[in-house]
K.L.:
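One structure coming up, written as structure tokens, with questions to follow.
Values reported hereafter were calculated over all heavy atoms of this structure, with side chains retained and with hydrogens, waters and symmetry mates removed. Just so you know, ligand 1 is whichever comes first in the structure, and atom 1 is the first atom listed for that ligand. Along the sequence shown, residues are numbered consecutively beginning with 1.
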Amino acid sequence: MEWSRFHRHKWDQATTFAWKNFSSAPVRRMFSFVTVLGRAALPEDKLKELTELTQEMKSSYSAAKICRYDPTRRRLDNGDYDYNADNDLDNDIGCIPTLSLEPHLVQLMATSRDPEELRYVWRAWRDAAGRPLRGKYTRFVELSNEAARLNGFEDAGDFWRSDYETDDFEDIIDGLWAELRPLYEQLHAYVRRKLIEKYGDTIVPPRGPIPAHLLGNMWAQTWTHILDLTVPYPGRPSVDVTNTLRRQGYSPFDMFRLSESFFISLGLEPMPSTFWQKSLLIKPTDRDVICHASAWDFCNGIDYRIKQCTQITMEDMITAHHEMGHIQYDLQYRNQPFIFRDGANPAFHEAVGDVLALSAATPSHLQEINLLANVDESFENDINFLFSMALDKIAFLPFGYLVDKWRWEVFSGEISESQYNSRWWDLRVNYQGVSAPLLRDEDDFDPGAKFHIPANVPYVRYFVSFIVQFQFHAELCKAAGHSGPLHRCNIYRSAEAGRLLRNVLSLGKSRPWPEALSVLTSGRTNQLEAGPILEYFEPLMSWLESQNKDEFIGWQENEAIVLGVV
Ligand SMILES: O=C(CCC(O)(O)[C@H](Cc1ccccc1)NC(=O)c1ccccc1)N[C@@H](Cc1c[nH]c2ccccc12)C(=O)O
Ligand SMILES: [Zn+2]
């Protein structure tokens, strides 16, 4: 509470100055930030309620557990699994919920190929993590909007979008999605065909949305875990090096060291020594922690930490790069005035680590660090690599887009509490072309089963990051003197690429992000552009179009197969 009283006092002071007329642009910029108080603008009692609500939602989500799938458990007369059997203990088959999202359910959703087990896990997680938050969320929205209005914004969504310092942000996002949707639809059609080959067309509708539980991820936001079912040219060395990492005895620390060595090879900063002592890289066994990965800057130029419940998988190696990218950005702008120690916009912060991972994940780099056997640069291997990258970077786009589309409409009141879940599934079908594998209603709260909703972390930053990271990749590859297809570029050890990256990251938030983009591109552009990501995936787009020539592209909502559960 102390801090907010001090903060409000500074706010009162700052808002009394006629700072908007100050002659110095950086000083005006500083005042424009320090006069935004956020939730501390609320009266004490409401601030307390909002803080407690957020804490309750986060701990409820982090503690959620489900029972093991047991196919022998009682079934309804229509043959469906009786989910309620878990709870009424009188028939002595009640269970003890023991499975957590990380690592158990992540692992199950990635590796199970039993549609019934997948459907059980998909639903049980939403019962345990999403449903209990529904009532809290409505009050949370009210208080968040009140705080935003006290800061002069329309609502909390308006406040969040202000981080991008442009009044046509939604148009920009819509335009980028329109450019990328054709590529997504081609990937979606190809993957749907492969899932029909695996599971049959009674489960996967040939012209409809893909049931969300079959895509290898709890939210169907990344499809990398069904690479084995969908890879274009099977029988070649897999670019998923999970097994090699395990065979070579990699520890979580080794994976973070691997990421650090990539940063150092570019001339960027090593992790401070305290990082290795104070970070939490392994899930503790004695207490519940919030396992969702995060990176922390303790604002003293020394103490920086990552918290990640790391598994030895390729996915977690990529995430390690992502998290370390946050720390690297923190280190690069640590000499800026305090108020400017932030990303040029939130997407830049999400992009840093991913840019390096675009090089680190290339087959040539994986060979260089002995994680992949020598593979020849054949057309088939190229397509396999691009396809596996698309299962992450392209599959994610509509999800990255729709999460905050839903939240902005909740904050603005376009979506009322009675529509939370139906509007969520409208967006999931419309943008992502995925459907719920069983009936949903307004007792469910499926958005709440995704970390960023209870944790109140904005999400469109990832959509923008997945686009801008390819602009970074293209420019750094140019600086590194790369020639040839963009997807083969590896900037490892390039001092020139490192210098350009440092020039952009060290700006922090001292300049509007278009100026940071102008530095990145040597003045060629200052806008978000889909060109680089489309260029990167161009060979795959042509290949998919030829593979899909007899395929139904897109999906019809009424084709969705939804199995009712009484
Ligand atoms: O949430 C994350 C990674 C976590 C984070 O690093 O973005 C973390 C989220 C967070 C924010 C606030 C409190 C707790 C967690 N963000 C940070 O740690 C962070 C650090 C410094 C500045 C800004 C954010 N990724 C998203 C999007 C995503 C999916 N697949 C990916 C692959 C690579 C990179 C991102 C993703 C997700 O898992 O759905
Ligand atoms: Zn992040």
Side-chain angles (χ1 to χ4, degrees), residues 54-55 57-59 61-62 101-102 105-106 109-110 160 163 215-225 256 259 275 279-281 289-299 303-310 313-334 341-358 360-361 388-404 407 432 447 449-470 472-473 505 508-509:
T54 309
Q55 201 42 50
M57 292 198 297
K58 277 177 92 164
S59 39
Y61 178 88
S62 297
L101 177 66
E102 296 193 36
L105 305 188
V106 165
M109 293 306 290
W160 283 3
D163 277 341
L215 286 159
N217 173 274
M218 185 59 88
W219 307 278
Q221 72 180 66
T222 176
W223 301 350
T224 47
H225 295 294
F256 281 88
S259 173
F275 170 86
S279 288
L280 188 148
L281 304 181
V289 295
I290 294 183
C291 261
H292 197 89
S294 55
W296 300 88
D297 173 351
F298 289 81
C299 308
D303 194 352
Y304 299 84
R305 303 177 204 177
I306 285 174
K307 176 166 54 150
Q308 182 174 331
C309 301
T310 313
T313 62
M314 176 125 189
E315 182 175 30
D316 277 18
M317 184 177 83
I318 300 293
T319 302
H321 283 73
H322 175 88
E323 296 307 325
M324 199 168 274
H326 284 307
I327 303 290
Q328 192 58 234
Y329 209 168
D330 297 339
L331 292 169
Q332 288 299 325
Y333 57 55
R334 67 172 175 253
R341 287 183 208 156
D342 201 350
N345 70 37
F348 275 48
H349 231 299
E350 299 306 332
V352 179
D354 291 14
V355 172
L356 273 74
L358 286 174
S388 77
M389 292 303 288
L391 290 183
D392 210 3
K393 301 296 182 181
I394 303 301
F396 177 80
L397 292 171
F399 187 72
Y401 179 78
L402 72 87
V403 172
D404 279 351
R407 243 183 321 196
Q432 216 179 343
K450 175 65 194 171
F451 170 80
H452 297 68
I453 302 284
N456 196 40
V457 176
Y459 209 77
V460 77
R461 57 180 58 175
Y462 303 107
F463 174 82
V464 178
S465 160
F466 276 37
I467 288 158
V468 81
Q469 67 188 239
F470 286 88
F472 272 76
H473 188 54
L505 300 186
K509 202 175 171 62

K.L.:
Which atoms of ligand 1 sit under 4.0 Å from any heavy atom of S294?
P.N.:
14 (C), 15 (C), 18 (O)

K.L.:
Taking distance alone, with no angle check, do D392 and ligand 1 share an N/O pair under 3.5 Å?
P.N.:
no

K.L.:
Using a 4.0 Å cut-off to any heavy atom of H322, which atoms of ligand 1 qualify?
P.N.:
3 (C), 5 (C), 6 (O), 7 (O), 34 (C), 35 (C)

K.L.:
I'd like to check which ligand 1 atoms, numbered from 1 as shown, lie under 4.0 Å from a non-hydrogen atom of V457.
P.N.:
11 (C), 12 (C)

K.L.:
If you define the side chain from C-beta out and look only at heavy atoms, does anything of L391 sit under 4.5 Å from T222?
P.N.:
no

K.L.:
With side chain to side chain donor-acceptor pair (under 3.5 Å) as the test, would you mind laying out the steps for E315 and H225 before giving the verdict?
P.N.:
CA-CA 9 Å; E315 182 175 30; H225 295 294; 2.8 Å; yes

K.L.:
Output yes if H349 passes the N/O/S-under-2.8 Å test against the Zn ion (ligand 2); output no otherwise.
P.N.:
no

K.L.:
What residue and atom, counting heavy atoms only, is the protein's closest point to atom 38 (O) of ligand 1, and at what distance?
P.N.:
H292 CE1, 3.5 Å

K.L.:
Counting only heavy atoms, which portion of D354 has something under 4.0 Å from ligand 1: side chain, backbone, both, or neither?
P.N.:
side chain

K.L.:
Is E350 close enough to the Zn ion (ligand 2) to have an N, O or S atom under 2.8 Å?
P.N.:
yes

K.L.:
For atom 9 (C) of ligand 1, what's the nearest protein heavy-atom neighbour? Residue, atom name and distance, please.
P.N.:
Y462 OH, 3.6 Å

K.L.:
For atom 29 (C) of ligand 1, what's the nearest protein heavy atom and its distance?
P.N.:
Q221 NE2, 3.1 Å

K.L.:
Considering distance alone, does some N or O of Y459 sit under 3.5 Å from an N or O of ligand 1?
P.N.:
yes

K.L.:
Decide whether a cation-pi geometry holds between R407 and Y459; the criteria are a distance under 6.0 Å from NZ or CZ to the six-membered ring centre and an angle within 45° of the ring axis.
P.N.:
no

K.L.:
What class does the angle between the rings of Y462 and H322 fall in, given that below 30° is parallel, 30 to 60° is tilted and above 60° is perpendicular?
P.N.:
tilted

K.L.:
Per the side-chain contact (heavy atoms from CB on, under 4.5 Å) rule, which among L356, D354, V352 passes with Q469?
P.N.:
D354

K.L.:
For ligand 1, which atoms sit closer than 4.0 Å to a heavy atom of K450?
P.N.:
37 (C), 38 (O), 39 (O)

K.L.:
Examine distances only and state if a side-chain atom of D163 and a backbone atom of N345 form a donor-acceptor pair shorter than 3.5 Å.
P.N.:
no

K.L.:
Which residue is it: W219, F466, W223? I am looking for the one with a ring-ring contact (aromatic ring centres under 6.0 Å, His included) to F396.
P.N.:
F466

K.L.:
Can you confirm whether Y61 sits close enough to L101 that some side-chain heavy atom of one is under 4.5 Å from a side-chain heavy atom of the other?
P.N.:
yes

K.L.:
Is the ring pair Y333/H349 parallel, tilted or perpendicular, if the boundaries are 30 and 60 degrees?
P.N.:
perpendicular

K.L.:
On a heavy-atom basis, which atom in A360 and which in H321 lie closest, and how many Å separate them?
P.N.:
CB-NE2, 3.9 Å

K.L.:
Please state which protein non-hydrogen atom is closest to atom 16 (N) of ligand 1 and give its distance, to 0.1 Å?
P.N.:
H326 NE2, 3.7 Å

K.L.:
Nearest to atom 4 (C) of ligand 1, what protein heavy atom do you find, and at what distance?
P.N.:
A293 O, 3.2 Å

K.L.:
If you measure from each heavy atom of H452 to ligand 1, is any distance below 4.0 Å?
P.N.:
yes

K.L.:
Looking only at protein heavy atoms, identify the closest one to atom 31 (C) of ligand 1 and say how far it is in Å.
P.N.:
F466 CZ, 4.1 Å

K.L.:
What atoms of ligand 1 come within less than 4.0 Å of a heavy atom belonging to E323?
P.N.:
3 (C), 4 (C), 5 (C), 6 (O), 18 (O)

K.L.:
Hey, what's the ring geometry for F463 with Y401, parallel, tilted or perpendicular (30° and 60° as the breaks)?
P.N.:
tilted

K.L.:
Considering only protein heavy atoms, which is closest to atom 18 (O) of ligand 1, and at what distance to one decimal place?
P.N.:
A295 N, 2.8 Å

